[in-house]
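Indexing begins at 1, ligand by ligand and atom by atom, following the structure's order.
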Amino acid sequence: MSLDDRLSTELAEIAAAGLSRRRRVLASPCGRIAAVDGREMLNFASNDYLGLAGDPGLARAMADGALAWGAGSGAAHLVSGHLEPHEALEQELAAFTGFPRTLTFSTGYLANLAVTPTLAGRGDAVFADKLNHASLIDAMQLAKANGADVQRYPHNDVGALKRLLAASTARNKLIVTDAVFSMDGDLAPLPALLALAERFDAWLVIDDAHGFGVLGAQGRGSLAHFNLPTSPRILLMGTLGKAAGVGGAFVAGSATAIDYLLNKARSYIFTTAAPPAVACALRASLQRIAGGEALRRQLFANVARLRSGVATLPWTLPASITAIQPLIVGDNQATLDLAQALWSRGLWVPAIRPPTVPRGTARLRICLSAAHTPDDIDRLVATLKELA
Ligand SMILES: *Cc1c(COP(=O)(O)O)cnc(C)c1O
């Protein structure tokens with residue numbers, strides 16, 4: 001068997017299980033309408049929660065930034081790739097989140113890989129929620145390869161976490177959690193997790209990919225939603241490609257913790273800094289987020305409209321106050337059929353199946369945005385009712 005033959009065999013197995021992945025090519029910018037295969041699809045698939053990805057003001061900031069600062073950064077941040085727009089963005093993110101210091105990354109995946117494996121090695125322990133995002137799971141595996149003891153606790157089970165922490169003799173302990181779980185839209189019990197972190201002298205690593213820009217006063221995120229203070233034991237990761245509409249991520253924390261990451265995190269050190277124009281667009285985005293109460297009101301009105309609309313459907317919509325609204329269908333094929341039926345009616349709602357979610361909980365992951373109109377929500381609800 002040739003190398004390619006081996007891969008083909010495995011790909012055939014994936015296809016036979018109905019799990020082949022493919023991409024759809026969009027002939028339009030990210031927005032409420034996506035042009036795909038010559039059709040106009042109403043888009044419930046993107047994480048562009050505030051509708052900023054296609055915003056002309058941000059595009060202009062990026063274009064002006066490129067004209068002023070060039071197309072690329074030319075090197076990693078620690079070499080010669082850290083330009084004034086990068087520095088200004090970090091300072092503005094620190095002021096916005098209330099943490100002493102931040103560090104920016106090209107993607108959230110890289111930001112997550114920077115935190116857990118850098119803070120946890122031999123003699124340390126990581127306690128991770130079972131439903132954490134894949135990037136946090138990979139970060140946990142790297143920490144494990146560095147010699148850390150890693151344990152996963154049942155989803156949002158504060159009691160189980162407390163027992164694990166109480167039994168641990170590790171030098172450094174890290175509690176690692178999504179703030180808004182990406183497949184369910186539910187929130188981590190951050191006040192209880194912070195209390196445990198304080199009681200057991202642990203770090204609390206929070207992935208706020210879906211809370212940043214959306215939750216809390218001015219869209220400051222999940223900590224603001226819970227009225228939690230910043231704390232030197234918190235490391236907060238936020239992505240900048242979702243509500244912020246551009247791309248990249250940041251980690252916020254104490255000045256010491258951030259300096260430590262800057263000195264030691266491999267996914268920070270060994271990669272080229274994002275183009276400075278991206279930082280220029282993000283500075284504009286931060287302004288839009290801070291002044292974006294009207295956008296958030298529109299988003300939450302859409303959430304309420306969807307939730308009341310689907311209340312009578314045969315599928316369950318678990319509690320979620322966020323832009324992520326999972327409609328649990330259960331059966332894999334039934335979920336695919338439903339997504340396909342919506343697609344054929346011009347509605348793009350992704351089907352999510354195991355292993356991304358637990359067996360028997362295949363679902364439609366409805367992503368809402370401030371860009372959706374009430375009519376868009378009504379159209380989705382009416383079509384779901386017709387298909388029910
Ligand atoms: C999207 C996401 C990430 C990764 O962020 P990128 O910027 O897309 O790499 C990390 N964590 C969670 C929970 C996410 O949803």
- Task: Could you see which bit of D178 sits under 4.0 Å from ligand 1, with heavy atoms only: side chain, backbone, both or neither?
- Result: side chain
- Message: Checking contacts here: is it the side chain or the backbone of L240 that comes within 4.0 Å of ligand 1, counting heavy atoms only? Could be both or neither.
- Response: neither
Quick check: [X] and ligand 1, any N/O pair under 3.5 Å apart?
X    : result
D207 : yes
Y109 : yes
A249 : no

- Query: In terms of atom number and element, which parts of ligand 1 are under 4.0 angstrom from non-hydrogen atoms of N112?
  - Reply: 10 (C), 11 (N)
- Query: With a cut-off of 4.0 Å, which atoms of ligand 1 are near a heavy atom of T239?
  - Reply: 5 (O), 7 (O)
- Query: With H77, which residues qualify under ring-ring contact (aromatic ring centres under 6.0 Å, His included), at least two apart?
  - Reply: H82, H86, Y268
- Task: Return yes when S135 approaches ligand 1 closer than 4.0 angstrom through a heavy atom, no otherwise.
- Result: yes
- Message: Please report the interatomic distance CD1(I324) to CG(D184), rounded to the nearest 0.5 Å.
- Response: 8.5 Å
- Ion pair K130/D157, N-O distance below 4.0 Å: no
- Can a salt bridge be assigned to the pair D378 and R305 using a cut-off of 4.0 Å between side-chain N and carboxylate O? yes
- Protein heavy-atom partner closest to atom 2 (C) of ligand 1 - residue, atom, separation in Å: K242 NZ, 2.3 Å
- Query: Identify the closest protein heavy atom to atom 7 (O) of ligand 1: which residue and atom is it, and at what distance?
  - Reply: G108 N, 2.7 Å
- Taking D48 for its side chain and G245 for its backbone only, find out whether a donor-acceptor pair lies under 3.5 Å. no
- Using atom types as modelled and distance alone, determine if a side-chain donor or acceptor of T97 lies under 3.5 Å from a backbone N or O of L93. yes
- Assess the side chains of S222 and D208: does a donor N or O sit below 3.5 Å from an acceptor N or O? yes
